Number of protein chains: 2
Amino acid sequence: MIVKSTPRSYSSPARAAAADETRARILVAARTLLGDGKGLPPFSLDNVAKQAGVTRLTVYNQFESKRGLLEAVFDDVAEEGGLTELPAVFAEPDIDVALRRFVSVFCRFWSGHGSAGPLMPKFGALAKLDPETAASLRLRTERRRQSLTVLVKRLLPDAPKPSAELVDVLFALTGFEMFEALSARNRSAAAVEVLVQELVAQTVARYRGGK
Amino acid sequence: MIVKSTPRSYSSPARAAAADETRARILVAARTLLGDGKGLPPFSLDNVAKQAGVTRLTVYNQFESKRGLLEAVFDDVAEEGGLTELPAVFAEPDIDVALRRFVSVFCRFWSGHGSAGPLMPKFGALAKLDPETAASLRLRTERRRQSLTVLVKRLLPDAPKPSAELVDVLFALTGFEMFEALSARNRSAAAVEVLVQELVAQTVARYRGGK
DNA sequence: ATATTGGATATACATACTGTATACTCAACT
DNA sequence: AGTTGAGTATACAGTATGTATATCCAATAT
């Protein structure tokens, strides 16, 4: 008795490599169109595909949907955006230094990501308009709040009460929206970081000093 | 010699009144769909028209385009949102009181506008995705920066240098994004206002105290 | 009373975007 | 030599914005 056709499955080297490369090209294209380039076409799967030299259906093959592409872009950006330094920040013994470095890491993160200017503005707007995308973005940004919770616990070991409040304030001060608002008048990313550092420092002092 | 047909133009009472009423109905519908109601359909001209009991083309008649509708919504909201108190705030002789009232006015403004919850989140997202809408929204929010410039001038009469910097920081602290970020964990609008007031107060103290 | 006007409607059309379905091409692997 | 899998070609459905044309009807003007 002969089994007719056992579907033989693959695990191919070159095939996968090529696929990864087109996937990477699509991500680059998406990041380009999410930037604030002036002559660039608006962000749509069609335009992303064209920019990547690929069919729109290939985008669907790789990323399932527009939402999937956006999530992948965010993760891609996060990976190479300096957020990998965070473990080192947490290892920092001096809590004040750790907090300063934390602020620094995120200011550089918000300030842009290589290619075509900061992409967070458009990205955030697109995310807000789709509830599910908003939810998955929230999952990712809440990690920052978790990190701040840990730092605040080290900062106020004998917590009175409102340490959650301090966490929320620091979360707001280190968020992208604050960074963007302070970037008015062509203020450089470094100058914005100085302002954020001062706001954070004074706030921490207020909560630590008994208030 | 008789002039054939002078196009007789109107200035009609009842017609205009009826038109104003449908216009108002459309605005209400738009605000409803911009809110965060859960069972509501998404914001689109078609859904706005349906909600208003009107044809989509009537929306175009009244507001030219989606952008026009959004701008009209913002102006409508601004008019009845307490921003009319601002002149009184400026008339306030005590500058510290004036600044506190300024913060209070905007916190209440951001917190919601009658109908169906706060509409600024969706509104801001939609505005950011269309450059022209973004520009017209910026025109409107820059008034807040102008106001703050005036207040800061009164606050630091013998201005050293960085008063523009203080304006930008206060602008960021009193913006919608800050309000939204601090509204985490179901914090009430009043509680958020307290936090903003403290941030503003400490920042002003820092710039006034020499530093 | 009759003609006109202006707001609103009905219907149709052009364009663009997301998402799905089916059949096909071609290089990589067994 | 045959199969697999990433990518393509083409088509279709549903929704969105925006434009064009003809029509309805009550509020006005003569």
Side-chain angles (χ1 to χ4, degrees), chain A residues 3-27 29-30 33-34 40-71 122 125-127 129-133, chain B residues 2-27 29-30 33-34 41-71 122 125-127 129-133:
Chain A
V3 175
K4 239 346 183 2
S5 71
T6 313
R8 54 180 174 185
S9 59
Y10 265 55
S11 54
S12 58
R15 263 314 176 211
D20 281 9
E21 206 204 319
T22 65
R23 185 186 171 90
R25 271 217 317 283
I26 296 172
L27 282 176
L33 266 53
L34 279 172
L40 291 175
F43 182 85
S44 76
L45 294 191
D46 224 338
N47 289 331
V48 167
K50 263 176 211 148
Q51 181 81 15
V54 154
T55 307
R56 186 165 62 93
L57 270 145
T58 302
V59 179
Y60 278 99
N61 266 358
Q62 287 289 342
F63 300 99
E64 187 82 6
S65 66
K66 188 178 184 179
R67 183 154 59 232
L69 175 58
L70 284 174
E71 291 174 9
K122 262 189 206 170
L126 287 168
L129 289 182
D130 177 44
E132 302 201 41
T133 309
Chain B
I2 299 175
V3 176
K4 240 346 187 1
S5 71
T6 314
R8 54 181 176 188
S9 58
Y10 266 56
S11 52
S12 57
R15 265 299 171 228
D20 281 9
E21 207 204 318
T22 65
R23 185 184 170 91
R25 272 218 316 283
I26 295 173
L27 282 177
L33 266 54
L34 279 172
F43 182 85
S44 76
L45 294 190
D46 224 338
N47 289 331
V48 168
K50 263 176 210 147
Q51 181 81 15
V54 154
T55 307
R56 187 166 62 94
L57 271 147
T58 303
V59 180
Y60 278 99
N61 267 359
Q62 287 289 343
F63 301 98
E64 187 82 5
S65 66
K66 188 177 184 180
R67 182 154 61 232
L69 175 59
L70 285 173
E71 291 174 9
K122 261 190 208 171
L126 287 169
L129 290 183
D130 177 44
E132 304 201 39
T133 309

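In this text, all values refer to a predicted model and were calculated from it rather than measured experimentally. Throughout, protein chains are lettered first and strands after them, A, B, ... in sequence-line order, and every chain is numbered starting at 1.
- Rounded to an integer number of Å, the gap from A:Leu126 CG to C:dC17 C1' is 13 Å.
- Rounded to whole Å, atom C1' of D:dA6 lies 12 Å from atom CZ of A:Arg25.
- Within the model, atoms CG of A:Leu34 and CZ of A:Phe43 stand 4.5 Å from one another, a figure rounded to the nearest 0.5 Å.
- Between A:Arg23 atom CZ and D:dG7 atom P the separation is 10 Å, expressed in whole Å.
- Listed nucleotides: D:dC25, C:dA28, D:dG7. Nearest to the side chain of A:Asn61: D:dG7.
- In this structure, the nucleotide among C:dA27, C:dA8, D:dA16 sitting nearest to the side chain of A:Arg15 is C:dA27.
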Give each protein N/O atom lying under 3.5 Å from an N/O atom of nucleotides 18-22 of chain D, with the pair distance.
residue : atom : partner : partner atom : Å
D:dG18  : OP2  : B:Lys66 : N            : 3.0
D:dG18  : N7   : B:Arg56 : NH1          : 2.8
D:dG18  : O6   : B:Arg56 : NH2          : 2.9

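- Closest of all the heavy-atom pairs between B:Asp130 and B:Arg67 is OD2-NH1, 2.7 Å.
- Sorted by first then second residue, the side-chain hydrogen bond (donor to acceptor under 3.5 Å, both in side chains) pairs that include residues 41-61 of chain A, not counting sequence neighbours, are A:Ser44-A:Asn47.
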Next on the checklist: Go through it in stages, so that I can follow the logic: the residues are A:Leu70 and A:Leu126, the test is side-chain contact (heavy atoms from CB on, under 4.5 Å), and I'd like the CA-CA distance, side-chain angles, deciding distance and then a yes or no.
Outcome noted: CA-CA 9 Å; A:Leu70 284 174; A:Leu126 287 168; 4.2 Å; yes

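- Closest approach to the A:Thr55 side chain among D:dA26, D:dT8, C:dC17 is made by D:dT8 (side chain taken as heavy atoms from C-beta onward).
- As rounded to whole Å, 17 Å separates atom C1' of D:dT17 from atom CZ of B:Phe63.
- Atom NZ in B:Lys66 sits 13.0 Å away from atom CD in B:Glu71 (nearest 0.5 Å).
- Atom P of nucleotide D:dG14 and atom CG of B:Asn47 are separated by 17 Å, given to the nearest angstrom.
- Atom-to-atom, CG of B:Leu33 to P of D:dA16 comes out at 11 Å; the value is rounded to the nearest Å.
- For A:Asp46, whose side chain is taken as the heavy atoms from C-beta onward, the closest listed nucleotide among D:dA16, D:dT8, C:dC17 is C:dC17.
- Computed from coordinates, the A:Asp130 CG to C:dC17 P distance equals 18 Å when rounded to whole Å.
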What side-chain donor-acceptor pairs closer than 3.5 Å can you find for residues 18-27 of chain B, not counting sequence neighbours?
residue : atom : partner : partner atom : Å
B:Thr22 : OG1  : B:Ala19 : O            : 2.8
B:Arg23 : NH1  : B:Gln62 : O            : 3.2
B:Arg23 : NH1  : B:Gln62 : OE1          : 3.4
B:Arg25 : NE   : B:Ala52 : O            : 3.0

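- For A:Ser44 and B:Thr22, each mapped to the nucleotide of DNA chain C holding its nearest heavy atom, the one lying further toward the 5' end belongs to B:Thr22.
- For B:Lys50 and C:dA10, the NZ to P distance is 13 Å, given to the nearest whole Å.
- At least one side-chain heavy atom of B:Val48 sits under 4.5 Å from a side-chain heavy atom of B:Leu69.
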